[in-house]
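Have a look at the structure below before the remarks.
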Amino acid sequence: MTQNPDVSPGRSPAVPGAHAARGGSRFGGKAWLLLCLPVGLTTWAAFLYIGIRARRRQWLAWAGMYLAAVAVWLVLDSPDHPGSAAQGIAAALALGAWIGGGVHALVISNDAVRRIQGSEDPAVEAAETRIERRAEGRHLLSSKPALAREVGVGRPDIPGADDYGLVDVNHCPAVALTRLPGIGNDLAARIVREREQAGGFSSAEDLGVLLDLPPAAVDEIRDTAVFPKD
């Protein structure tokens, strides 16, 4: 049987036009760059678009800055401000919004396409939601500890509690501690014994030192563990 010369062992046959399709998709994902062409008047709209689609506050802030630059440029370039100084500032703002904004947009275009495409992936969205929820839970613990206890932050063992995807190492029973990555039944029981003797843990590093955990295990625990004191 003759093997297709374009197919290496263990690889799928190349689909004609696949590379072109990917290239077309990437170009289509950068169509928003066209908003930077009209003399800088709509550069802000390009950053607003990618900021919203990628949910990136930094780009939304840049959209506001470019919009402000255009607004000041148009005001200074009006007949109400005939002075040369005003016209010079207006010209500088125009070039900044047009040339500077266009180069800026081009530099971040690949990152924007990647982030926008990633934000449309359900798995990525779910992961981002979990990360955001954990951050909200940590903020609640630090800013309103009494409310956090009432809600049940970090307490998956309490029925009806909103644990925010976190595990309270200082108060959860051993069975709940096994929700931490790399923590089995034996190690969870040991954590309970050690915290009773030490009066609780202050951080993932503190837990790692007392239990002689490897750095990699401490890093994994840090993402979901919290250490509130009474």
Side-chain angles (χ1 to χ4, degrees), residues 6 8 11-12 14-139 142 164-165 215-216 219-220 222-224:
D6 294 330
S8 299
R11 297 183 58 184
S12 300
V15 179
H19 295 290
R22 285 194 294 268
S25 175
R26 180 168 291 274
F27 175 78
K30 294 184 179 181
W32 53 271
L33 285 170
L34 296 175
L35 291 170
C36 301
L37 295 180
V39 201
L41 289 171
T42 55
T43 298
W44 63 271
F47 282 85
L48 179 64
Y49 172 79
I50 61 175
I52 292 175
R53 290 291 306 278
R55 291 179 292 188
R56 188 161 173 78
R57 294 179 180 178
Q58 181 179 358
W59 293 341
L60 292 174
W62 276 108
M65 294 178 63
Y66 284 121
L67 179 59
V70 170
V72 174
W73 157 30
L74 294 178
V75 168
L76 294 179
D77 201 35
S78 67
D80 295 334
H81 299 82
S84 58
Q87 291 180 352
I89 295 174
L93 290 173
L95 288 175
W98 185 19
I99 305 301
V103 172
H104 184 186
L106 189 60
V107 168
I108 66 172
S109 61
N110 287 336
D111 187 25
V113 170
R114 179 179 58 80
R115 288 178 180 273
I116 290 172
Q117 291 177 347
S119 68
E120 295 172 350
D121 185 335
V124 173
E125 287 186 351
E128 289 179 343
T129 298
R130 291 193 296 270
I131 292 172
E132 290 173 359
R133 287 282 293 167
R134 291 198 294 267
E136 291 172 2
R138 293 180 189 279
H139 177 71
S142 62
Y164 280 76
D219 288 338
E220 290 182 349
R222 185 185 294 109
D223 289 336
T224 52

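What you see is a predicted model; the values in this text were computed from it and never measured.
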- Would you please test Arg55 and Leu60 for side chain to side chain contact (heavy atoms under 4.5 Å, CB included) and show each step? CA-CA 8 Å; Arg55 291 179 292 188; Leu60 292 174; over 6 Å; no

- Query: Under the side chain to side chain contact (heavy atoms under 4.5 Å, CB included) criterion, do Val70 and Thr43 qualify, and how do the steps go?
  - Reply: CA-CA 9 Å; Val70 170; Thr43 298; over 6 Å; no

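Taking every heavy atom of both residues into account, Cys36 and Gly102 meet most closely at CB-CA, 4.1 Å. Taking all atoms of both residues into account, the shortest heavy-atom contact from Trp32 to Ala112 is CZ2-CB, 3.8 Å.
The structure places CG of Leu67 at 13.0 Å from CZ of Phe47, a figure rounded to the nearest 0.5 Å.
Qualifying side chain to side chain contact (heavy atoms under 4.5 Å, CB included) partners for Leu95, counting only residues two or more places apart in sequence or in other chains: Ile99. Scanning for salt bridge (charged side-chain N to carboxylate O under 4.0 Å, His left out) contacts around Arg130 gives an empty result, with sequence neighbours left out. With sequence neighbours left out, Leu37 forms a side chain to side chain contact (heavy atoms under 4.5 Å, CB included) with Leu34. With sequence neighbours excluded, no residue forms a side-chain hydrogen bond (donor to acceptor under 3.5 Å, both in side chains) with Arg138. Residues passing the salt bridge (charged side-chain N to carboxylate O under 4.0 Å, His left out) test with Asp223: none are found, sequence neighbours excluded. Here Ala90 pairs with Trp73, Leu76, Asp77 under the side chain to side chain contact (heavy atoms under 4.5 Å, CB included) rule; sequence neighbours left out. When the side chain to side chain contact (heavy atoms under 4.5 Å, CB included) test is applied to Arg133, the partners found at least two apart in sequence or on another chain are Thr129, Glu136, Asp162, Tyr164.
Applying the salt bridge (charged side-chain N to carboxylate O under 4.0 Å, His left out) definition to pairs two or more places apart or across chains, none involves residues 87-107. Each salt bridge (charged side-chain N to carboxylate O under 4.0 Å, His left out) pair with one or both residues in residues 88-112, not counting sequence neighbours, appears once here: Asp111-Arg114, Asp111-Arg115. Evaluation of the side chain to side chain donor-acceptor pair (under 3.5 Å) test over residues 57-70, restricted to residues two or more places apart or in two chains, returns Arg56-Gln58, Tyr66-His104. Residue pairs that meet the salt bridge (charged side-chain N to carboxylate O under 4.0 Å, His left out) test with at least one member in residues 93-104, sequence neighbours left out, do not exist here.
When side chains are defined from C-beta on, Leu35 does not count as touching Leu48, because their heavy atoms never get closer than 4.5 Å.
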